[in-house]
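See below for the structure under consideration.
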Amino acid sequence: MASAIEQATAVKSSLKSDIKIGVYANNFTPIEPDHEANASLIEIRELTPEDYLHFAKNWFDLGADIIGGCCGIGPEHIASISKWKMQE
């Protein structure tokens, strides 16, 4: 997601656009450690709300305006982001 935000921010800047950048990541359940899909993703499966918040903070710092969640991200994940933003 970070790379996508960086690329979108660069395009947005080059076009002098005020379009909003949104991010909504997945939270997949674990699969066998030796599965090919885990080559670079095993450490980001089954994120706790606090883990997802860690990523969300980075995404905001990189320029994301809207953060939500997709498969496996539940209300508790979004609540942790909302609570953080309300404390700012």
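- Between T9 and L62 there is no side-chain heavy-atom pair separated by less than 4.5 Å.
- At most 12 heavy atoms of other shown residues, nucleotides or ligands fall within 6.0 angstrom of atom CG in D18.
- Shown here for S80 and P49, the closest heavy-atom pair between the two residues is OG-O, 3.2 Å.
- Distance check: E76 CD to T48 OG1 gives 10.0 Å after rounding to the nearest 0.5 Å.
- Annotation: K83, atom NZ; neighbour count of heavy atoms from other residues, nucleotides and ligands within 6.0 Å does not exceed 12.
- Across all non-hydrogen atoms, the minimal contact from Y24 to G69 is CB-N, 3.6 Å.
- The NZ atom of K57 sits 11.5 Å away from the CD1 atom of I67 when rounded to the nearest 0.5 Å.
- Using the six-membered ring where Trp is involved, W84 and F60 have ring planes that are tilted, between 30° and 60° apart.
- Smallest separation of non-hydrogen atoms from W59 and A25: CH2-CB, 3.7 Å.
- I19 CD1: 12 or fewer foreign heavy atoms inside a 6.0 Å radius.
- Of all non-hydrogen atoms in K20 and D65, the two that sit nearest each other are CA-OD2, 3.3 Å.
- Within the model, atoms OG of S82 and CD of Q87 stand 9.5 Å from one another, a figure rounded to the nearest 0.5 Å.
- In this structure, the separation between CG on N27 and OH on Y52 is 8.5 Å, given to the nearest 0.5 Å.
- How far CD of E50 is from CZ of F55: 13.5 Å, rounded to the nearest 0.5 Å.
- Separation of atoms CG (N58) and CG (L53) is listed at 11.5 Å; rounding is to 0.5 Å.
- Panel note: side chain S14, backbone V11; a donor-acceptor pair is recorded below 3.5 Å.
- Side chain to side chain, S3 and Q7 meet the donor-acceptor criterion of an N or O pair below 3.5 Å.
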